[in-house]
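Read the structure below first, then the notes.
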Amino acid sequence: MEKRKMIVTDIDYITYEDKPVIRLFGKIKGDKEGQNIIALDGTFEPYLYVMPEGNIEECILQIEDEIEPIRIEKLSKKDFQVKKDFLKVFFKHPQDVPKKRDMLRDLSLVQDLREHDIPFYRRYLIDNDLYPMGVVELEGELIDSFPTIDSNNESLEIMKLDHSPVMFDNAYQNFSILSFDLEVYNPKGMPNADKDEIIMIGAASNTGISKVISTKGEDIDFVETVSSEKEMIESFVKLIKDNNFDIIVGYNSDNFDFPYLRDRAKILGVDLDLGMDGSSLKFLRRGYTNAATIKGLIHVDLYLVMRRYMNLDRYTLERVYQELFGEEKIDVPGDKIFMYWDSDSEELDRLFDYSLDDTVSTLKIAEQTLPINLELTRVVGQPFFDITRMATGQQAEWYLVRKAFEINEVVPNKPTGKDFINRKHESNVGGYVKEPEVGLHENLVQFDFRSLYPSLIISKNISPDVLYHEDDSFDSLVDDEIDKDDYFISPEHHYMFKKSPKGFIPSVIGNVLDERIRIKTAMKKSTDYTEKMMLDVQQQALKRLANTMYGVYGYSRFRWYSFECAQAITAWGRENIKDAMKFAEDYGFYAIYADTDGFYCKYCPDKD
DNA sequence: CAGAAACGGGG
DNA sequence: GTGTACGTTTCTG
């Protein structure tokens with residue numbers, strides 16, 4: 001039996017002898033540092049939870065008769081903090097879950113199904129307490145080959161695991177990053193891959209690469225000149241394979257660079273077998289768009305990341321770069337690229353500069369923004385590839401799914417199409433806004449609440465699992481058994497939240513904020529600059545996560561969606577700021593402008 | 001006016 | 001892949 005430590009950068013599963021085998025892709029830590037490794041784990045089984053209706057033993061018999069699962073276990077789980085008996089029903093293959101769940105739901109002794117909509121690799125990470133981009137310990141047998149793995153990389157290790165890996169270290173790791181960018185001949189507006197050739201491939205890395213591959217530019221020092229477009233792509237493929245990068249980044253590369261590269265490579269007969277397992281570049285359907293993936297080499301499309309990372313009117317590479325670094329980029333108008341290419345003069349030189357500049361700028365943006373996404377990966381515990389493409393509400397949700405598993409709570413089901421439509425019609429009132437009084441004001445006093453909404457969620461225990469339901473309103477409450485002192489009652493709608501126990505989401509937000517304070521304290525104490533910066537990124541990631549969680553109650557795809565909670569938060573928020581304004585007025589401060597969690601006042605002691 | 005369709009980024 | 005973005009603006013009936 002062999003032991004290894006590895007950084008897990010990517011995860012999937014394949015089917016081997018009709019059973020799922022999890023594949024962990026990554027780099028070896030310790031001896032043979034940096035070498036590629038694929039770990040195979042065939043020990044994990046797909047399952048879902050059944051909430052039985054009536055007699056549990058009869059329910060088991062009915063499921064065994066009708067569905068033929070491989071195994072059923074009885075267990076107790078909490079559902080919105082209420083202990084209930086559940087059946088954990090195991091299947092042979094992950095695809096049996098969607099195949100059989102409708103049949104299962106229709107059984108007379110089945111009340112409800114839970115956790116039937118969690119992708120297999122995500123379930124694996126959660127149940128085994130593994131965090132991608134961290135270091136895990138492996139035990140197993142090294143094997144020479146395995147079906148579905150066809151690599152010509154001599155140093156690739158394949159390890160068949162005896163048992164699931166154990167987390168060893170979830171600390172920040174350094175990763176090698178390659179950025180790339182294509183320039184394409186485009187006489188008729190946007191290029192057409194059937195006709196218009198690639199004229200330049202820019203490549204820049206945080207390991208020192210900074211070049212452009214092209215069929216022209218012989219006398220420019222950063223250009224590698226080749227004799228054809230085919231050789232250009234082959235040289236780029238070789239560059240990727242030789243350097244064994246962890247991450248490859250582009251700008252809108254999901255929708256432009258990678259699809260274009262695939263199309264041209266196909267026409268020219270070049271293999272894009274860039275995967276660690278020898279597989280080629282693939283495209284995953286994500287809604288109405290595609291995501292380019294390479295096994296074991298994480299592709300990040302920075303355009304998607306930047307749209308979440310900042311709030312701008314436009315997200316062109318030029319605009320984003322200008323905003324982040326305050327510098328202008330070299331500009332070549334997109335529709336004139338073919339003219340610059342044909343000019344064979346200073347304009348051609350300028351096009352080469354532009355190509356390199358786009359590539360280097362993309363790398364700089366990656367170096368600036370990927371650390372916080374790596375931290376979110378470490379906290380949320382889902383693959384980096386997924387994190388960079390997830391809406392923030394989804395990041396918060398997968399974090400909560402993991403936290404629910406840790407405290408033995410079952411997770412609410414994902415909303416159905418019908419749920420969305422219903423939820424879309426529920427529109428909440430936002431924060432209180434007092435339109436500013438027009439004019440120049442002097443000697444203003446500013447007041448604002450520090451993280452108003454997260455504080456309210458915690459202090460008023462706003463959570464769907466502690467919301468009183470039988471009677472929605474306090475006004476119509478006549479039940480003598482209920483003591484109003486046991487509840488926080490929201491203004492306007494009079495929703496009632498139990499004071500105890502602590503709600504699931506308030507307790508998670510509380511832990512996130514406590515952890516953030518702990519990190520901020522450590523950051524202030526630290527004298528090491530690098531450590532200080534790392535801790536700063538960590539606390540920023542936690543701040544983002546906490547700030548996301550107050551908005552998600554109103555996010556229609558959220559598993560813990562609660563219109564009542566969303567309404568209660570903003571209603572309490574409006575009440576708080578109005579109370580604070582009234583309080584200030586008693587001391588002669590008159591608000592001239594207010595918005596959600598803060599206001600500006602003028603001091604006018606004479607005004608009655 | 002409401003619901004459907006288009007759009008973003010990229011060259 | 002235990003699957004089908006997303007939020008906003010513009011168009012259309």
Side-chain angles (χ1 to χ4, degrees), chain A residues 12-15 20 44-49 89-102 104 113-124 126-127 180-193 195-200 202 250-261 264 282-293 301-308 311-320 331-341 351 354-355 358 362 386 389-394 401 411 413-414 417 420-421 424-425 551 555-557:
Chain A
D12 71 357
Y13 80 88
I14 49 100
T15 305
F44 192 63
E45 297 174 307
Y47 66 87
L48 54 67
Y49 295 118
V89 181
F90 289 87
F91 295 94
K92 192 169 181 184
H93 196 275
Q95 287 175 356
D96 294 338
V97 177
K99 262 183 215 158
K100 297 194 175 173
R101 70 182 163 207
D102 292 332
L104 206 45
L113 303 182
R114 291 298 182 85
E115 309 203 10
H116 53 80
D117 48 17
I118 296 177
F120 191 58
Y121 68 95
R122 295 202 170 164
R123 178 89 273 169
Y124 180 86
I126 293 167
D127 290 22
F180 83 110
D181 180 47
L182 305 185
E183 305 305 331
V184 171
Y185 195 69
N186 59 337
K188 292 178 185 163
M190 281 309 286
N192 171 357
K195 299 181 207 125
D196 301 326
E197 61 175 356
I198 298 169
I199 52 179
M200 296 178 185
Y251 203 84
N252 202 25
S253 37
D254 269 346
N255 279 300
F256 180 74
D257 300 80
F258 271 128
Y260 210 92
L261 190 66
R264 293 306 297 173
K282 285 194 176 59
F283 292 84
L284 294 180
R285 280 212 82 130
R286 292 179 78 90
Y288 307 111
T289 185
N290 290 323
T293 61
D301 184 342
L302 287 171
Y303 164 63
L304 301 170
V305 174
M306 298 323 289
R307 284 206 341 187
R308 274 206 319 270
N311 190 13
L312 304 173
D313 47 350
R314 291 166 60 74
Y315 295 89
T316 60
L317 179 58
E318 191 183 18
R319 179 79 179 82
V320 164
D331 187 40
V332 170
D335 55 353
K336 297 201 171 64
I337 284 178
F338 75 101
M339 294 200 263
Y340 280 62
W341 175 252
L351 188 59
Y354 168 75
S355 172
D358 264 13
T362 303
D386 295 13
R389 286 170 171 75
M390 260 182 212
T392 53
Q394 292 290 328
V401 171
V411 167
N413 290 328
K414 266 203 295 208
F420 286 150
I421 294 160
K424 286 264 158 68
H425 291 287
Y555 167 50
S556 60
R557 312 185 93 86

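Labels below follow one simple rule: chain letters A, B, ... track the order of the sequence lines, proteins then strands, and each chain is numbered from 1.
The side chain of Tyr121(A) lies closest to dG1(C), out of dC6(C), dG3(C), dG1(C). The side chain of Pro119(A) approaches dT2(C) more closely than any other nucleotide in the set dG11(B), dG9(B), dT2(C). In the set dT2(C), dG9(B), dG11(B), dG9(B) carries the atom at the smallest distance from any side-chain atom of Thr316(A). For Pro46(A), taking side-chain heavy atoms from C-beta onward, the closest of the listed nucleotides dG3(C), dG10(B), dT2(C) is dT2(C). Taking the side chain of Tyr555(A) as heavy atoms from C-beta on, and the options dT2(C), dG10(B), dC6(C), the nearest nucleotide is dC6(C). Side-chain proximity of Lys414(A) to dC6(C), dG10(B), dG3(C): nearest is dG3(C). Candidate nucleotides dT4(C), dG10(B), dT2(C) were compared by shortest atom distance to the side chain of Val97(A), and dT2(C) ranks first. Side chain of Asn252(A), nearest nucleotide from dG11(B), dG10(B), dG3(C): dG10(B). For Tyr303(A), the listed nucleotide lying nearest its side chain is dG8(B); candidates were dG10(B), dG8(B), dT2(C). Out of dG7(C), dG9(B), dG3(C), the shortest distance to the side chain of Arg285(A) is found at dG3(C).
Residue Arg101(A) places at least one side-chain N or O closer than 4.0 Å to OP1 or OP2 of dG3(C). An OP1 or OP2 oxygen of dT2(C) is reached within less than 4.0 angstrom by a side-chain nitrogen or oxygen of Tyr13(A).
Taking atom OH of Tyr288(A) as the reference point, atom P of dG8(B) lies 18 Å away to the nearest angstrom. The NZ-C1' distance, from Lys99(A) to dG3(C), rounds to 14 Å in whole Å.
Across all strands, Ile118(A) comes closer than 4.0 Å to base atoms (heavy-atom distances).
Between the side chains of Gln394(A) and Tyr555(A), at least one donor N or O lies within less than 3.5 Å of an accepting N or O. No donor-acceptor contact under 3.5 angstrom links the side chains of Tyr315(A) and Arg319(A), judged on distance only.
The six-membered or imidazole ring of Phe258(A) lies near that of Phe180(A), with a centre-to-centre distance under 6.0 Å.
Counting heavy-atom neighbours within 6.0 Å of Asp331(A) CG, excluding the residue itself, gives a total above 12.
In terms of polar N and O atoms assigned as donor or acceptor, the side chain of Gln95(A) comes within less than 3.5 Å of the base of dG1(C) in a complementary pairing.
Taking the six-membered ring for Trp and thresholds of 30 and 60 degrees, Phe90(A) and Tyr47(A) have ring planes inclined between 30 and 60 degrees apart.
Position along DNA chain B of the nearest nucleotide to Asn186(A) versus Arg307(A) favours Arg307(A) as the more 5'-ward residue.
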